[in-house]
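What you see is a predicted model; the values in this text were computed from it and never measured. All ligand and atom numbering here is 1-based and tracks the order in the structure.
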Amino acid sequence: MGKVAFFATGNVHKFNEARFVFSEFKVAVAMLKVKTVEIQDSDIENIAVASALDAVKKCSLPIVVEDAGLFIRALNGFPGPYSSYVFQTIGVNGVLKLMKDIDDREAYFHSVVAFCRPREKPIMFHGKVEGRIVHEERGDEGFGFDPIFTPLKGGGKTFAEMGLEEKNRFSHRALALRNFAEWYIRQ
Ligand code: ITT
C-alpha cells in the first residue's frame with residue numbers, strides 16, 4: 001500500500017500544490033484544517049516547529065506543516081516571517097509602494113516543511129527560490145505575493161501567471177516538499 005501524509009494547513013492553494021508534489025512520489029495526502037498556533041518569530045523554522053508540535057498535540061497523528069515567507073533584499077528581508085500578517089494588512093500593493101523608488105528588486109521565497117510524529121521531535125526540510133519583485137501585479141493564479149514575484153528561471157512570468165504545475169517546477173514549497181517526500185517514502 002502507498003503512503004499517506006496528513007498536511008495541516010488552512011490554505012487550500014498550499015494543499016493543492018502539495019497534492020501535486022506528493023503524487024509524483026505516489027504519496028496520498030489529506031488536508032487537516034486544524035487551526036494551529038502561528039507564533040511570531042524572526043525565524044520561519046521556529047514558526048514551523050511550533051505549529052507542527054501544536055498540530056500533533058491536537059490530532060495525535062504524524063503531521064506535515066509548512067511555513068513560508070517572502071524575503072526582499074532591499075528591505076533587509078522584510079516581510080520574511082511576517083509575510084502572512086503583511087499580506088493581510090498592507091497587501092501586495094503596500095509592498096509595491098514600499099519598493100516604489102528601489103532599483104534592487106532581488107527577493108526570495110523560503111519554505112520550511114516540518115514533519116512530526118507524536119512524542120518525537122519535528123524534522124525539517126527546506127526549499128528556496130530566488131527571483132525578483134516586479135513593478136506591477138501580473139496574473140490571477142496562485143495566492144499571496146504570487147502576482148509580484150518572478151522566479152529567476154521562470155522566463156519572466158510571475159508565479160500568478162503560471163499554472164500550478166508550472167509554479168511547482170520552481171517554487172520554494174515544491175522544493176521543500178520534494179526533499180521531504182524523498183525522505184518520507186524511505187521510512
Ligand atoms: P497555513 O495555514 O499553512 O499557515 P498561511 O496562508 O498562513 O497558511 P504561511 O503562514 O506559510 O501560510 O505563509 C505566509 C504568507 O506568505 C502567506 O500568507 C502568503 O502571503 C505568503 N506566501 C507564502 N508562500 C507563498 C507562495 O507560494 N506564493 C505567494 N505568497 C506566498
Side-chain angles (χ1 to χ4, degrees), residues 5-21 29-56 58-59 63-72 75 77-96 98 107-116 122 124-134 137-151 154 157-178 180:
F6 297 98
F7 187 20
T9 180
N11 184 329
V12 74
H13 298 280
K14 273 190 181 184
F15 175 71
N16 284 332
E17 291 177 16
R19 213 156 44 85
F20 250 83
V21 172
V29 58
M31 177 171 177
L32 290 186
K33 267 187 137 185
V34 48
K35 190 90 204 114
T36 57
V37 284
E38 194 153 329
I39 59 162
Q40 288 291 3
D41 194 282
S42 57
D43 186 341
I44 60 170
E45 262 201 19
N46 295 338
I47 302 172
V49 164
S51 73
L53 290 170
D54 190 44
V56 168
K58 285 173 176 154
C59 304
I63 297 278
V64 181
V65 301
E66 189 261 358
D67 202 82
L70 173 66
F71 296 75
I72 302 176
L75 304 180
F78 181 87
Y82 310 106
S83 295
S84 183
Y85 181 69
V86 169
F87 180 73
Q88 285 163 34
T89 50
I90 63 171
V92 164
N93 272 323
V95 171
L96 284 181
L98 289 176
Y108 64 88
F109 271 114
H110 181 189
S111 159
V112 178
V113 167
F115 173 73
C116 189
M124 244 91 64
F125 303 84
H126 292 259
K128 192 172 163 184
V129 57
E130 301 279 354
R132 296 172 63 76
I133 303 298
V134 296
E137 281 185 59
R138 294 198 321 249
D140 306 312
E141 306 282 333
F143 70 101
F145 296 107
D146 280 345
I148 59 167
F149 181 85
T150 169
K157 283 188 197 174
T158 65
F159 272 159
E161 292 176 302
M162 299 179 180
L164 192 150
E165 240 177 313
E166 193 177 359
K167 178 179 174 186
N168 267 0
R169 263 186 250 146
F170 308 102
S171 90
H172 50 306
R173 178 166 304 104
L175 289 169
L177 287 167
R178 276 189 201 108
F180 163 69

Nearest protein heavy-atom contact for atom 18 (O) of ligand 1: which residue, which atom, what distance? Ser84 CA, 3.7 Å
Any Phe143 heavy atom less than 4.0 Å to ligand 1: yes
I'd like to check Val92 versus Phe87 (side-chain heavy atoms, cut-off strictly below 4.5 Å). Are they in contact? yes
Decide yes or no for Phe109 and Leu70: does some side-chain heavy atom of the first lie under 4.5 Å from some side-chain heavy atom of the second? yes
To the nearest 0.1 Å, how far is atom 9 (P) of ligand 1 from its closest protein heavy atom, and which atom is that? Lys14 NZ, 3.5 Å
Strictly below 4.0 Å, N to O, side chains only: are Glu66 and Lys14 in salt-bridge contact? yes
Please confirm whether Leu70 approaches ligand 1 to less than 4.0 Å, judged on its heavy atoms. no
Anything under 30° is parallel, anything over 60° is perpendicular, the rest tilted; go ahead and classify Phe159 against His172. parallel
I'd like to check which ligand 1 atoms, numbered from 1 as shown, lie under 4.0 Å from a non-hydrogen atom of His172. 24 (N), 25 (C), 26 (C), 27 (O)
of all protein heavy atoms, closest to atom 4 (O) of ligand 1 is Glu38 OE1, 3.1 Å
Give me the residue, atom name and distance of the protein heavy atom closest to atom 2 (O) of ligand 1. Gly10 N, 2.9 Å
Among all protein heavy atoms, pick the one closest to atom 6 (O) of ligand 1 and tell me residue, atom and distance. Asn11 ND2, 3.0 Å
Can you confirm, on distance only, whether ligand 1 has an N/O atom lying under 3.5 Å from any N/O atom belonging to Glu17? no
Is there a side-chain contact between Tyr82 and Ser42 in this structure, where contact means two heavy atoms from C-beta onward sitting under 4.5 Å apart? yes
Please examine the side chains of Glu45 and Met124, heavy atoms only from C-beta on, and report whether any two atoms are closer than 4.5 Å. yes
Ala68, any N or O under 3.5 Å of ligand 1 N or O: yes
Atom pair CZ/CG of Phe115 and Leu177 - distance to nearest 0.5 Å: 13.0 Å
Geometric class of the Phe125/Phe180 ring pair [parallel <30°, tilted 30-60°, perpendicular >60°]: perpendicular
Contact between Pro81 and Ile47 at the side-chain level, heavy atoms closer than 4.5 Å - yes or no? yes
Region of Phe109 engaging ligand 1 - heavy atom pairs below 4.0 Å: side chain
Atom 24 (N) of ligand 1: closest protein heavy atom, distance to 0.1 Å, is Arg173 NH2, 2.8 Å
Which atoms of ligand 1 sit under 4.0 Å from any heavy atom of Asp67? 10 (O), 11 (O)
When you compare the side chain of Tyr108 with that of Glu130, does any pair of heavy atoms fall below 4.5 Å? yes
Atoms of ligand 1 under 4.0 Å from any heavy atom of Thr9, numbered from 1 in the order shown, are 1 (P), 2 (O), 3 (O), 8 (O)
Does Lys167 come within less than 4.0 angstrom of ligand 1, counting non-hydrogen atoms of the residue? yes
Rounding to 0.5 Å, atoms CZ (Arg132) and CD1 (Ile72) come to a distance of 12.0 Å
Please list the nearest protein heavy atom to atom 28 (N) of ligand 1 with its residue and the distance rounded to 0.1 Å. Asp146 OD1, 2.6 Å
Just to be sure I read this right, does ligand 1 sit under 4.0 Å from the backbone of Gln88, its side chain, both, or neither, counting only heavy atoms? neither
shortest atom 16 (O) of ligand 1-to-protein heavy-atom contact is with Ser83 CB, 3.2 Å
Quick look: Phe145 vs ligand 1, heavy-atom contacts under 4.0 Å, and the answer is both
